[in-house]
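Just follow the structure's listing: the first ligand is 1, and inside any ligand the first atom is 1.
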Amino acid sequence: MRTDLLIGGEWRAGARRYCLTNPATEETLAEVGEAGEAEIDAAVRAARACFEAKEWRELSARRRGALLFRLADLLEERSQEIAEVETRNNGKPLFESKIDVAMAVETFRYYGGWADKLTGDTLPVSGNFFTYTLREPVGVVGAIVPWNFPLNLAAWKVAPALAAGCTVVLKPAHETPLTALLLGELALAAGFPAGALNVVPGPGPTAGAALVRHPLVDKIAFTGSTEVGQWIMREAAGTLKRVTLELGGKSPNIIFADADLAAAVRGAQSGIFYGKGEVCAAGSRLLVEQSVHDQVVSELAQRAKKLVPGDPFDKNTRLGAIVSKQQQEKVLSYIAAGEQAGARLVAGGKAAKVNGKGYFVEATVFDGAQPGMKIVDEEIFGPVLSVLTFAGEEEGIELANRSMYGLAAGIWTKDVQRAHRVARAIKAGTVWVNTYNFYDPAAPFGGYKFSGFGRDLGKEALKNYTEVKTVWVGL
Ligand code: NAD
């Protein structure tokens with residue numbers, strides 16, 4: 001596969017090259033070109049030139065949609081290979097990478113369908129006028145994505161942006177640029193004009209920052225940490241860019257005593273351990289109603305102990321490698337902080353190796369966690385669950401909302417009235433009832449509070465990539 005930068009339809013050398021490591025084997029995986037400020041500038045200019053070019057502006061919306069369908073087909077044809085690349089780069093089990101690629105394919109198809117269905121309105125204004133709105137592309141989009149779902153989160157931004165008629169400069173995370181480069185390769189093969197999608201791997205503080213500051217970028221679509229999101233929002237003020245921010249989370253997964261407990265325990269397990277817990281919506285705070293606490297914790301601990309880290313290419317593996325040594329150390333430091341604060345470790349807690357190598361962490365469960373502890377208040381982004389206890393619905397809701405974040409939440413109950421009541425009371429962008437961690441291109445996803453604003457996916461996301469123009473015609 002290509003490992004240079006995709007700028008204006010050509011593969012160009014970066015400012016330098018750097019090495020990627022397979023986090024499961026610690027072997028060198030690939031050497032990739034890195035964008036400096038000059039390459040970011042070139043990519044933005046290529047995107048701008050394409051946006052202004054006749055062949056892009058005059059491309060019919062239906063034809064744009066057809067290009068997105070073609071890109072989805074090409075992704076699907078190479079899905080096995082792309083999933084393998086993702087697993088080598090990120091460390092996640094192969095079966096998860098296959099789900100990621102399938103979701104990316106669906107996302108391109110979903111927005112391919114939207115391309116020719118974006119319409120304005122005719123407006124019933126007073127007076128003798130014909131007044132209507134046009135929905136126009138916002139322009140050049142800088143898409144900045146993290147390392148946990150490298151292809152999928154890129155698709156969540158690139159697909160609606162292209163469908164709306166924008167052009168894109170995609171900056172993948174420094175750790176995981178490979179599937180973004182493959183996406184660029186396939187966009188060219190699908191027939192997108194040069195500069196419609198540019199892919200520029202590089203470090204956040206240099207390449208990412210240059211994209212945020214560039215005066216020819218109209219909008220930044222960002223997924224990543226709250227801290228970087230705050231910086232981007234401040235910095236984007238200089239050029240008054242449109243910004244959408246999909247940020248961190250510390251999502252509550254609430255088990256009421258009347259729930260189907262077997263299903264709730266399975267949901268709690270997959271809610272935190274899917275994706276090694278490197279999932280923005282991970283159900284990392286498990287709130288359990290007092291009367292079922294002991295049963296839930298004991299079943300969960302048993303399941304967590306059986307969930308041993310394994311070779312991501314083994315079809316039975318359900319817990320892969322942490323993305324990098326640095327992230328592994330961060331997760332372990334949170335585990336140490338949990339023990340120090342007096343939470344009780346009931347499963348896991350240690351680093352692990354598979355075949356003597358890799359940055360793995362055991363599936364870890366803390367009982368007796370309390371607000372005020374770092375493991376309860378802060379996003380760990382690893383396979384670490386904190387269990388808290390509550391008495392009654394009111395306290396459950398209060399505890400669930402006691403967080404700076406508001407990305408997602410889970411509710412487990414058989415009481416249909418309670419389910420809807422609590423769903424309404426929770427301050428989060430997504431609430432799952434008797435299920436957890438499901439996504440679909442049609443379902444908007446994003447945060448309340450410090451989890452950001454703007455929505456990825458669904459028809460909502462198209463608003464991020466369009467401007468509304470009102471036209472008044474005197475009759
Ligand atoms: P991060 O914020 O460190 O990096 C995200 C991206 O921003 C990367 O591409 C990085 O290179 C870039 N970046 C870093 N500093 C930058 C700067 N100064 N200017 C411009 N770009 C910069 O996050 P991460 O560690 O890669 O990912 C984990 C975080 O992402 C977690 O907080 C997680 O919750 C969040 N996340 C959120 C969602 C969501 O939809 N809300 C989804 C996945 C991950």
Cation-pi between [X] and [Y]: NZ/CZ under 6.0 Å from ring centre and within 45° of the ring axis?
X: Lys374; Y: Tyr334; value: yes
X: Arg318; Y: Phe95; value: yes
X: Lys449; Y: Tyr405; value: no

> Using 30° and 60° as the class limits, which term best fits the ring planes of Trp114 and Tyr110: parallel, tilted or perpendicular?
Replying inline: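 Correct class here is perpendicular.
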>> Can you classify the ring geometry of Trp156 versus Tyr439 as parallel (below 30°), tilted (30 to 60°) or perpendicular (above 60°)?
In response: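 Trp156 and Tyr439: tilted rings.
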>> Closer than 4.0 Å and a protein heavy atom, does any atom meet both conditions relative to atom 2 (O) of ligand 1?
In response: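 There is a protein heavy atom less than 4.0 Å from atom 2 (O) of ligand 1.
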Does any N or O of ligand 1 fall below 3.5 Å from an N or O anywhere on [X], backbone included?
X: Pro203; answer: no
X: Trp147; answer: yes
X: Lys171; answer: yes
X: Phe381; answer: no
X: His174; answer: no
X: Asn148; answer: no

> With sequence neighbours left out, what residues match Glu329 under side-chain contact (heavy atoms from CB on, under 4.5 Å)?
Replying inline: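 Partners of Glu329 by the side-chain contact (heavy atoms from CB on, under 4.5 Å) criterion, ordered by chain and then number, come out as Lys325.
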How does [X] reach ligand 1, if at all, at less than 4.0 Å between non-hydrogen atoms: by side chain, backbone, both, or neither?
X: Pro172; value: backbone
X: Leu153; value: side chain
X: Val145; value: backbone
X: Glu379; value: side chain
X: Ile144; value: side chain

[X] near ligand 1, heavy-atom distance under 4.0 Å?
X: Phe149; result: no
X: Gly446; result: no
X: Gly447; result: no
X: Phe222; result: yes

>> Can you confirm whether the side chains of Ser324 and Glu175 place a donor and an acceptor under 3.5 Å from each other?
In response: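 Result is no, nothing qualifies.
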Judged on heavy-atom distance to [atom], which of [options] sits nearest?
atom: atom 41 (N) of ligand 1; options: Asn152, Leu247, Ile220; result: Leu247
atom: atom 21 (N) of ligand 1; options: Pro201, Gly208, Gly142; result: Gly208
atom: atom 5 (C) of ligand 1; options: Thr223, Val228, Ile232; result: Thr223

>> For Glu467, I'd like to know if atom CD has over 12 heavy atoms of other residues, nucleotides or ligands within 6.0 Å.
In response: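 For Glu467, atom CD is crowded (more than 12 foreign heavy atoms under 6.0 Å).
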> Are more than 12 heavy atoms from other residues, nucleotides or ligands located less than 6.0 Å from atom CE of Met103?
Replying inline: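 Yes - once you tally the heavy atoms of other residues, nucleotides and ligands closer than 6.0 Å, there are more than 12.
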> Can you find a heavy atom in the side chain of Pro383 that is under 4.5 Å from one in the side chain of Val361?
Replying inline: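 They are in side-chain contact.
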> Which pairs count as salt bridge (charged side-chain N to carboxylate O under 4.0 Å, His left out) when at least one residue sits in residues 424-438, sequence neighbours excluded?
Replying inline: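 For residues 424-438: none.
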> Could you state the interatomic distance from NZ (Lys98) to NZ (Lys92), rounded to the nearest 0.5 Å?
Replying inline: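 With rounding to 0.5 Å, NZ (Lys98) is 14.0 Å from NZ (Lys92).
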